[in-house]
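Values reported hereafter were calculated over all heavy atoms of this structure, with side chains retained and with hydrogens, waters and symmetry mates removed. Chain A is the first sequence line, chain B the second, and so forth, proteins listed ahead of strands; every chain is numbered from 1.
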There are 2 protein chains.
Amino acid sequence: MDNVLVKKLQGYARLCEEDQRVLNAVVRDVRTVPAHTDLAREGEKSAFVHLVLEGFACRYKFTAEGNRQIMAFLVPGDFCDLHVVVLKQMDHSIGTISPCKVVDIPHEQILALLQRPRLSLAMLCAALVDSAVLREWLVNVGQRGARQRLGHVFCELLLRLRIVGLADNGYELPLSQTDLADTIGTSSVHLNRVLQELRQENLISWKGETLAIHDIDRLMKLSGFNSNYLHIGMQGADESAL
Amino acid sequence: MDNVLVKKLQGYARLCEEDQRVLNAVVRDVRTVPAHTDLAREGEKSAFVHLVLEGFACRYKFTAEGNRQIMAFLVPGDFCDLHVVVLKQMDHSIGTISPCKVVDIPHEQILALLQRPRLSLAMLCAALVDSAVLREWLVNVGQRGARQRLGHVFCELLLRLRIVGLADNGYELPLSQTDLADTIGTSSVHLNRVLQELRQENLISWKGETLAIHDIDRLMKLSGFNSNYLHIGMQGADESAL
DNA sequence: CCCAGCGCTTAACCTATGTTAATTTCCCGA
DNA sequence: TCGGGAAATTAACATAGGTTAAGCGCTGGG
């Protein structure tokens with residue numbers, strides 16, 4: 001029974017038995033964290049790298065004026081803060097959105113993972129894809145209208161959650177509308193307006209925590225979504241590299 | 001006479017003589033590239049990593065509607081596309097803005113650099129800072145008004161260019177207003193409006209290609225600029241790491 | 001030296017989105 | 001089952017920023 005981390009990393013490199021065993025070994029001492037709890041705070045340096053196994057967390061930052069921008073969703077299989085291994089302090093915060101199951105991984109254990117070439121490659125790929133996602137978010141917020149932005153986020157999450165087996169034509173989306181608004185850089189009032197539109201055009205429905213996407217093709221087209229940046233199905237990447 | 005790459009990487013790790021020699025050796029076969037020329041295109045995979053030595057280049061992407069978002073400025077000392085060593089294809093394009101001097105570095109040579117622990121650490125830090133910059137840009141575009149956004153970009157470039165010795169209280173900024181508009185996600189008309197305001201408030205002047213910042217403190221305050229995310233002066237980072 | 005073209009500037013007008021605030025719905029605990 | 005608080009919804013109004021278009025001023029080529 002493979003954990004989400006194995007599922008995800010297998011998308012980037014062919015992992016041998018031993019690689020998988022090592023990864024499964026990392027996922028010990030799972031901790032349950034309530035919603036709206038910080039895992040790491042701006043300015044601090046954590047002794048652990050955090051890995052999400054269940055639930056939604058996010059990377060975020062407040063501006064001087066007190067506005068929050070969510071800069072990434074961290075879903076099952078995602079490392080939250082691999083960079084603390086190297087950088088002196090966090091330049092942003094990480095917090096749960098829904099209740100989460102997370103693992104705190106000590107630095108030495110991360111370094112041990114990186115000793116294994118295939119794992120190292122896969123983790124590097126995952127980190128590069130994280131950057132690619134961030135770039136796409138910038139395009140999204142910088143160039144698209146609110147409808148498109150929202151649709152884009154829904155599409156991206158669909159594909160990302162499918163990788164770890166958590167989506168088919170919909171998924172559990174335990175966010176508040178305010179969270180989504182802080183993601184796409186609009187007010188919550190406007191987010192709601194746009195959401196109503198998508199619902200009325202029968203593109204999606206979202207009730208309780210369940211999002212259903214009724215017409216993914218139309219939604220992708222509407223939002224200008226192109227999945228290239230997720231680098232899905234690029235298994236092996238350039239295996240000769242490392 | 002150290003090149004900009006050495007200058008920059010020394011900010012992240014204490015490089016030994018040999019490290020510096022190796023870096024200087026990389027900077028052979030400098031190529032001059034005219035303005036508005038692509039160094040790498042979305043969808044392709046380059047055989048080389050590009051390093052900027054002089055001039056401004058950028059990371060960019062067009063949306064389906066034909067709008068351009070600039071996602072990063074690449075200034076002297078910056079690697080443009082380290083990730084091609086690992087990923088199968090570019091998910092965005094890289095192009096020069098002004099005429100540039102660049103070096104095309106073959107993959108094997110990059111891998112050779114990464115064999116040296118200090119260099120490897122420094123390059124990793126640089127890559128992590130690039131991500132941090134990207135996150136800050138997302139905050140900028142998502143949460144701040146156009147004045148603040150523009151001021152923020154000016155502040156960031158000042159600090160980044162100082163690292164490589166290319167700025168004091170101003171710097172050469174060879175961009176068009178359209179380039180800047182595509183950076184902060186506004187129309188060029190609005191960019192111009194905001195620019196006039198900053199000029200009239202005597203915060204900056206920008207004539208020809210020379211930007212002068214008259215009151216950096218006030219500009220930083222106005223734009224909510226906090227330099228933490230650049231991780232300047234964190235030399236050594238966590239040297240025990242790699 | 002003059003013309004063509006591009007980039008900058010300005011103005012007028014329009015729309016997407018923000019703000020405030022009132023109302024309703026939902027969910028959870030007593 | 002009821003009551004309270006948070007989240008969602010809606011409306012009315014305000015504004016930042018987009019669009020279009022016209023005029024201006026360099027700058028480089030003939």
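Residue contacts for S176(A): at a heavy-atom cut-off of 4.0 Å it reaches the sugar-phosphate backbone alone, with no base atom in range.
Closest approach to the Q177(A) side chain among dC8(C), dT9(D), dT9(C) is made by dT9(D) (side chain taken as heavy atoms from C-beta onward). Side-chain proximity of R193(A) to the nucleotides dC8(C), dT17(C), dA11(C) is greatest for dT17(C). For V189(A), taking side-chain heavy atoms from C-beta onward, the closest of the listed nucleotides dT20(C), dT20(D), dA7(D) is dT20(C). Here the nucleotide nearest the side chain of T186(B), chosen from dT10(C), dG18(D), dA8(D), is dG18(D).
Between Q200(B) and S188(A), the residue anchored nearer the 5' end of DNA chain C, judged by the nucleotide with its closest heavy atom, is Q200(B). Checking G208(A) against G145(A), the closest nucleotide of DNA chain C that is more toward the 5' end is the one next to G145(A). Comparing L191(B) and T178(A) against DNA chain D, the residue whose closest nucleotide sits nearer the 5' end is T178(A).
For R149(B) and dG17(D), the shortest distance from a side-chain N or O to OP1 or OP2 is below 4.0 Å. Taking 4.0 angstrom as the limit, R199(B) places a side-chain polar atom (N or O) nearer than this to OP1 or OP2 of dT9(C). Note on N192(A): a side-chain N or O is less than 4.0 Å away from OP1 or OP2 of dT9(D).
Taking atom CG on L195(B) and atom C1' on dC8(C), their separation rounds to 10 Å, with Å as the unit. Taking atom CD on Q196(B) and atom P on dT9(C), their separation rounds to 5 Å, with Å as the unit. The distance from atom CH2 of W206(B) to atom P of dC8(C) is 7 Å, rounded to the nearest whole Å. What separates NZ of K207(B) from P of dG25(D) is a distance of 12 Å, to the nearest Å. Protein atom CD of Q148(B) is 13 Å distant from nucleotide atom C1' of dA16(D), rounded to whole Å. Between the P atom of dT10(C) and the CD atom of E197(B) lies a distance of 12 Å, rounded to the nearest Å. Whole-Å rounding puts the R144(B) CZ to dA16(D) C1' distance at 17 Å. Straight-line distance from the NE2 atom of H36(B) to the P atom of dG5(C): 18 Å, rounded to whole Å.
Judged by distance alone, the side chains of E172(B) and T210(B) do bring a donor and an acceptor atom under 3.5 Å apart.
Between H92(A) and H83(A), a ring centre-to-centre spacing shorter than 6.0 Å is recorded. In summary, the aromatic rings of W137(B) and F73(B) are positioned with their centroids under 6.0 Å apart.
Evaluated for a side-chain contact (heavy atoms from CB on, under 4.5 Å) with L51(B), the options N3(B), D81(B), V27(B) yield exactly one hit, V27(B).
Using the six-membered ring where Trp is involved, Y229(B) and H152(B) have ring planes that are parallel, under 30° apart on the 30 and 60° scheme.
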